[in-house]
Amino acid sequence: MGIRSTLPLCAVVAGTAALQIPLLSPHQQAPLEAADKTKPLINSSALQDLISGDRLFTRAKKLFDIAKLGEDEYNHPTRVIGSAGHEGTLAYIYESILQLGDYYKLDNQSFPAVSGNVFESRLVIGNSVSKSAAPMGLTPPTQNKQPVHGDLVLVENEGCQIGDFPDSVSGNIAFIKRGTCPFGTKSEHAGQKGATAAIVYNYEKDAVQGTLGTPSPNHVATFGLSGKEAGPVLEKLEKKDKVDAIAYIDADVKQIITRNIIAQTSEGDPNNCVMLGAHSDSVAEGPGINDDGSGSISLLEVATQLTKFNVSNCVRFAWWAGEEEGLLGSDYYVATLPEEENIKIRLFMDYDMMASPNFAYQIYNATNAVNPNGSEELRDLYIDWYKDQGLNYTFIPFDGRSDYDGFIRGGIPGGGIATGAEGIKTKEEEKQFGGKAGEWYDHCYHQLCDDLSNVNMTAWIVNTKLIAHSVGTYARSFKGFPKRTSSVASSAYESEAKYHGSMLYI
Ligand code: DTR
Ligand code: ZN
Ligand code: ZN
């Protein structure tokens with residue numbers, strides 16, 4: 001069983017005294033330095049010309065070696081938050097920027113996060129071992145980390161009220177329908193009524209890979225179960241036939257401190273910043289070389305090459321932690337940004353998964369109708385660039401699956417590009433981008449095989465050049481780009497965003 005680590009919305013608790021490590025915004029630290037007259041003013045094509053596949057891949061090899069530091073604890077390479085692989089990644093990013101001297105002001109922004117590991121799990125229903133049962137993120141273990149045996153007890157409605165749980169659930173295993181309220185609420189109710197474990201079954205045929213969210217002392221060991229497997233069980237329970245089960249989860253949930261790394265150019269107008277980010281962490285299951293080693297390395301390389309130029313506007317790079325646990329680092333950053341700092345960020349650009357092996361050139365479909373004004377201008381910059389290169393592109397929903405979410409909710413224009421995760425390439429996309437229709441864009445998404453062999457160098461180089469173009473353009477000028485107005489999200493986005501990172505929580 002792989003090791004899972006998850007964190008819910010709002011599981012980051014700001015304000016614990018010991019954890020209040022103040023972040024000085026880079027622009028608060030130093031006065032503007034005089035431009036270095038020997039350097040040319042930033043120019044997009046000159047910056048793009050400095051991007052090299054060899055340099056990207058050399059860094060990927062380094063990152064994979066760093067992920068191996070996670071082997072002692074996890075038995076395989078990983079860069080999940082709290083692991084030695086993630087600490088190594090942070091040190092690598094920090095040192096790399098530090099080596100660039102005073103071109104950048106560098107900050108660590110620490111924040112508390114909950115990290116959950118599932119070491120082993122099994123669910124046996126009747127006489128068969130369940131194929132689809134997946135322990136929920138942040139689930140506690142079964143009692144004493146031992147198997148528990150009991151009858152499955154059907155819960156009324158969707159288990160969102162304590163009264164939905166019959167008394168007979170005590171000492172048994174609650175069988176609860178997905179929907180209406182978060183998984184964490186259902187698990188909590190099961191625990192309050194004395195259940196020894198809970199199963200949340202899907203109303204669709206697929207499996208349920210969810211998270212319990214903010215830990216509660218009332219949570220019990222909880223699995224998600226596919227609708228397909230739940231069907232026959234449900235039929236029996238509805239006929240009042242007895243179905244017994246054995247549930248077993250060996251897991252732990254701990255609170256850790258992790259950190260974002262922020263680097264801002266010392267030069268450039270500090271009241272007008274272009275910001276871009278990638279996430280420094282991987283999931284526990286693997287080393288995350290494409291997700292999001294690729295974006296993290298692209299940013300490092302662009303930051304390195306940018307030092308050869310003067311900039312007119314400030315450029316702020318971020319490497320977020322805890323993206324895989326629910327966008328923790330980026331949420332924390334935006335939530336703790338004072339209003340007068342928020343307004344200085346002209347836009348945020350998200351770079352998550354730049355090199356999927358069966359890639360498509362995807363642009364987040366961020367429009368000004370739904371997102372802060374300027375998001376669409378950024379989208380159009382990506383479109384124009386792919387068109388200029390004679391490359392095809394597709395739009396993907398801008399629905400909260402990566403670190404742009406906090407920025408959009410904070411009224412900051414945003415967008416980004418990606419190359420695809422667990423989605424399936426269409427026939428049309430095969431014609432547009434090559435690769436193989438009918439297969440995932442990244443067949444190693446969130447798995448151990450997201451290693452050095454899982455990056456497509458063509459896509460990676462193309463997209464790193466596009467990142468360079470986005471930085472080069474806005475570092476030089478915001479001419480024609482809308483001015484910032486409010487720091488409040490539009491309600492249109494709030495109703496369209498269905499995700500918060502990669503995990504379902506309802
Ligand atoms: N949140 C990412 C993957 C990701 C980002 N955008 C999309 C859109 C569609 C599918 C996946 C993603 C992750 O880090 O897993
Ligand atoms: Zn991911
Ligand atoms: Zn990612």
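All ligand and atom numbering here is 1-based and tracks the order in the structure. One is the number of the first residue; the rest follow in order along the sequence.
The name of the N, O or S atom in Asp291 nearest to the Zn ion (ligand 3) is OD1. Within Glu324, the N/O/S atom positioned nearest the Zn ion (ligand 2) carries the name OE2.
Of all the atoms in ligand 1, the ones that sit under 4.0 Å from a non-hydrogen atom of Glu323 are 1 (N), 2 (C), 13 (C), 14 (O). Residue contact check: Tyr364 has heavy atoms under 4.0 Å from atoms 5 (C), 6 (N) of ligand 1. Atoms of ligand 1 found under 4.0 Å from any heavy atom of Ala421 (numbered from 1 in listed order, with element): 10 (C), 11 (C). Within ligand 1, the atoms closer than 4.0 Å to a non-hydrogen atom of Asp291 are 13 (C), 14 (O), 15 (O), numbered from 1 in the order shown. If you number the atoms of ligand 1 from 1 as listed, the ones under 4.0 Å from a heavy atom of His279 come out as 14 (O).
Residue-to-ligand polar distances place Tyr445 within reach of ligand 1: an N/O pair is separated by less than 3.5 Å. The N/O atoms of Glu422, backbone and side chain alike, include none that comes under 3.5 Å of an N/O atom in ligand 1.
The nearest N, O or S atom of Asp292 is not closer to the Zn ion (ligand 3) than 2.8 Å. When distances to the Zn ion (ligand 3) are checked against a cut-off of 2.8 Å, Glu323 contributes no N, O or S atom below that limit.
Less than 6.0 angstrom separates the ring centroid of Tyr364 from the ring centroid of Tyr404. Aromatic rings from Tyr104 and Phe317 are positioned such that their centres are separated by under 6.0 Å. Remark: aromatic rings of Tyr94 and Tyr92 are distant, center separation not under 6.0 Å. Outside the 6.0 Å centre-distance limit, the rings of Tyr382 and Tyr386 are not counted as a close aromatic pair.
Using a 4.0 angstrom heavy-atom cutoff, Asp292 does not count as in contact with ligand 1. Ligand 1 has no atom lying under 4.0 Å from any heavy atom of Gln362.
At least one test fails for Arg122 against the ring of Tyr248: distance under 6.0 Å to the centre or angle within 45° of the axis.
Ser296 contributes a side-chain N or O that, together with a main-chain N or O of His279, makes up a donor-acceptor pair within less than 3.5 Å.
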- Test log, rule side-chain contact (heavy atoms from CB on, under 4.5 Å), inputs Glu324 and Val80: CA-CA 8 Å; Glu324 299 290 7; Val80 69; over 6 Å; no
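Atoms CD and OG1, on Glu377 and Thr367 in that order, are 10.5 Å from each other to the nearest 0.5 Å.
With the Zn ion (ligand 3) as the vertex, atom NE2 of His279 and atom OD2 of Asp352 span an angle of 100° (nearest 10 degrees).
No more than 12 heavy atoms of other residues, nucleotides or ligands sit less than 6.0 Å from atom NZ of Lys436. Open room surrounds NZ on Lys62; 12 or fewer heavy atoms of other groups in view lie less than 6.0 Å from it.
Using a 4.0 Å cut-off between heavy atoms, Val283 makes no contact with ligand 1 at all.
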